[in-house]
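These notes concern the structure reproduced below.
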Amino acid sequence: MFQVPGTARGLEVRRFEVMAPHPIGEVAFDAVEVGDEERLGREGQGLELALATLARFRTSVAAAANGFARRALDESLAHLKSREQFGRALAAQQGLRFDVAEMDARLRAAELLVEEAAELSDRGERAGAEVARAKLFATENASWVCDRAVQHLGGLGVRRGSAVERLFREARALRIYEGTSEVQKLILARELLDR
Ligand SMILES: Cc1cc2nc3c(=O)[nH]c(=O)nc-3n(C[C@H](O)[C@H](O)[C@H](O)COP(=O)(O)OP(=O)(O)OC[C@H]3O[C@@H](n4cnc5c(N)ncnc54)[C@H](O)[C@@H]3O)c2cc1C
């Protein structure tokens with residue numbers, strides 16, 4: 001594994017846009033030269049370092065997903081209490097009350113999964129299943145919670161620039177990067193079935 005300075009000759013970054021702002025691009029290498037001093041870790045240790053890094057980043061992506069979901073739930077609660085339809089606040093509608101209760105319960109479960117994964121990673125312990133479970137559940141849940149929040153705000157929910165519209169778009173990519181949800185399921189299944 002090497003670090004390559006952004007100014008290296010032969011290195012080209014081609015930026016592109018995704019559905020929510022993200023610093024992302026394709027990185028092309030054309031006969032880039034790197035010296036020994038740019039190697040990270042020992043020779044042959046690259047994959048090990050990459051996997052260790054993934055455990056940390058996957059947990060932080062799961063935590064970010066919980067942050068998006070928390071804000072979306074807050075937006076829902078504020079709107080349901082303030083918006084009146086058919087002579088009473090939306091918060092009085094049982095169907096919507098069931099929704100926020102489920103959003104809250106799922107979000108708390110996701111937060112506890114992240115805490116468990118982070119604690120093990122911080123202690124330097126093997127946490128393949130815990131990290132995969134947290135990343136899978138928190139990111140899938142964030143998309144679901146943000147979607148419910150959009151629904152609760154009705155037409156305002158899809159208006160470009162509203163908080164829940166932005167959160168809905170922001171949450172989507174988390175299910176793809178740092179290992180897709182399917183990859184997390186493969187890891188979890190391997191832990192359950194093959195170890
Ligand atoms: C916003 C964003 C930021 C990113 N940041 C980075 C970054 O910083 N560094 C970096 O290196 N990459 C980054 N990526 C790339 C990201 O890691 C990949 O997009 C992701 O790993 C999926 O790979 P892929 O796009 O090639 O999809 P593919 O591998 O082609 O997969 C397509 C679909 O098939 C599913 N699939 C694939 N194999 C299986 C299987 N065996 N079983 C079941 N389903 C399967 C996948 O889960 C996915 O749903 C980023 C992507 C996004 C969207």
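All ligand and atom numbering here is 1-based and tracks the order in the structure.
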Is a donor from one side chain sitting under 3.5 angstrom from an acceptor on the other, for Ser143 and Arg175?
yes

Can you pull the residues with any heavy atom under 4.0 Å from ligand 1?
His22, Ile24, Ala173, Ile176, Tyr177, Thr180, Glu182, Leu186

On a heavy-atom basis, the closest approach of Ala55 and Ser121 is O-OG, 4.5 Å

side-chain contact (heavy atoms from CB on, under 4.5 Å) with Leu90: which of Arg83, His152, Glu84?
Arg83

Same cluster or not: Leu188 versus Leu120, using hydrophobic residues (I, L, V, M, F, W, Y) connected whenever any side-chain heavy atoms lie under 4.5 Å apart?
no

Are Val164 and Val158 co-members of a hydrophobic cluster defined by side-chain heavy atoms under 4.5 Å apart?
yes

Might you point out which heavy atoms bring Leu11 and Gly6 nearest each other, and give the distance in Å?
CD2-O, 3.7 Å

